[in-house]
Amino acid sequence: MGKNNKEEKKYEDGTKAEGVPTFEEKKGTTEEVKAPEAAAKELVKTEKAADNKSLSEQETKAKRRKIRQAKRLALIGSMLILVAVVAGMAIWGIMHLRPSDKAIQGQADCEVVRVSGKLGGRLVELYVKEGDYVHKGQRLAKIYSSTTDATYSKAKEMKNVAANQNLKVERGTRYEIIESARKMVDQAKSARQQAIAAEEITRKTYERTNNLFKEGVVTEQKRDEAKAALDAATAAVGTANAAVEAAEAQLQMAQNGAQAEDKAASRSMENVAQASVREVEALLEDEYLIAPCDGEITSIYPHVGELVIMGSPIMTIANIEDMWAAFSVREEKLNDLPMGKVIDVEIPALDNKKAQMKIFYVHDMGSYATWSATKAYGDYDSKTFEVKARPVSPIPNFRPGMSVILK
């Protein structure tokens, strides 16, 4: 008891009894107990906040996913609508624009002329452009060739040489030579006259001497001498005649000039030179290209400054005044399209304008345009024919390449 009293006294005094905690100790113990509970509550709050945050992110992702799906669906819907519209328009076009099965589609065409020249050289000038309407004889382009110009100059000089040479041959021998030959003829004739006169004297002398010899007045020797003189005079006359003939021949030769063969050869050389000049002139005629017909310039191939070769096309002219339409028709339908028949056609490019055309050409298109039979029996190959028809009356604005529908 005493001991207990001491302990109670001590406790009352504020002293710590042995084995019993004081108030401060009890207070510390309580706080230590409460701390884990607060931490647990804080952890719970943190977990809830994390759960709420995770839930919010999931909801955001879900919303984004729904938005993407909605956009995708809207895009697919738009594409489906677009495809439906295009398909509808295509079906409408096929139903309303395609010709019926009984219609035959052809194409407008016209005569096309390729303009080219014989002269090769450099294109130095163009007087027209694509789309221009030209008339026959109109100047279109100019081609220059320095080589051809030099050849032309050479040919003209050769022609002058040949012409002068032929003139010389045709004129014959010079005047002085002819006059000299004429004088020689005169001299020969004068000598012949003298020889004839001498012969006449010697003949009379011989006759007198011979008469005297017969009468016995002169000797035989005198008669023989007279006879010899007469023979010599006769021979001199013959020589004089020959000299005259020779002189006249010389004069005739001088007057005639060269031989006929030489004259013919000279004329031929001059003709050859003239032909060379005409040949070059024929090339130079195409120095300026001229429109061969009326029409429209559809294409121009080279540019100014480019070289062009002989015969290469420079441009094309379409004679749009002479238009026609060409159709490819299977032979089983030719019975309805005889030559000369007037047919009704439509031209889509001219707002389906109706017109009449007259058939003027029907011809086989060849084996490449043959429709082969698909069955071994009961069918046959069908050839394709080209049918051309020309408008009965002019069609305004009708141009090559336009479609023409034959119903």
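No hydrogens, no waters, no symmetry mates; every other heavy atom, side chains included, goes into these values.
- In this structure, Arg122 is not positioned above the aromatic face of Tyr144 in the sense of NZ or CZ being under 6.0 Å from the six-membered ring centre and within 45° of the axis.
- For Ala198, there are no side chain to side chain contact (heavy atoms under 4.5 Å, CB included) partners, not counting sequence neighbours.
- Without hydrogens or angle criteria, Glu331 side chain to Lys383 main chain gives a donor-acceptor distance under 3.5 Å.
- Inspection of the Thr316 and Thr298 side chains reveals an N or O donor paired with an N or O acceptor under 3.5 Å.
- Shown here are the side chain to side chain contact (heavy atoms under 4.5 Å, CB included) partners of Lys204, two or more places apart in sequence or in another chain: Glu200, Arg208.
- Val83 is linked by a side chain to side chain contact (heavy atoms under 4.5 Å, CB included) to nothing, counting only residues two or more places apart in sequence or in another chain.
- No more than 12 heavy atoms of other residues, nucleotides or ligands lie within 6.0 Å of CE in Met158, so this atom counts as exposed by the packing criterion.
- Note on Glu207 versus Arg203: no salt bridge recorded, every NZ/NE/NH1/NH2 to OD/OE distance being 4.0 Å or above.
- Checked for salt-bridge contact, Lys118 and Asp286 meet the test: a charged N lies under 4.0 Å from a carboxylate O.
- By the 30° and 60° cut-offs, the orientation of the rings of His363 relative to Tyr361 is parallel.
- Surrounding CD of Glu281 are more than 12 heavy atoms belonging to other residues, nucleotides or ligands, all under 6.0 Å away.
- Here Pro391 pairs with Met357, Ile395, Phe398 under the side chain to side chain contact (heavy atoms under 4.5 Å, CB included) rule; sequence neighbours left out.
- Under a 4.0 Å N-O distance rule, the pair Glu296/Arg399 qualifies as a salt bridge.
- Comment: Asp109 does not engage Lys388 in a salt bridge, judged by the lack of any side-chain N to carboxylate O separation of less than 4.0 angstrom.
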Result block: side-chain N/O donor-acceptor pairs under 3.5 angstrom for residues 339-349, not counting sequence neighbours:
from, atom 1, to, atom 2, distance (Å)
Lys341, NZ, Asp336, O, 2.7
Asp344, OD1, Gln356, NE2, 3.4
Glu346, OE2, Lys354, NZ, 2.5
Glu346, OE2, Lys407, NZ, 3.4

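- In this structure Asn160 satisfies the side chain to side chain donor-acceptor pair (under 3.5 Å) test with no other residue, sequence neighbours excluded.
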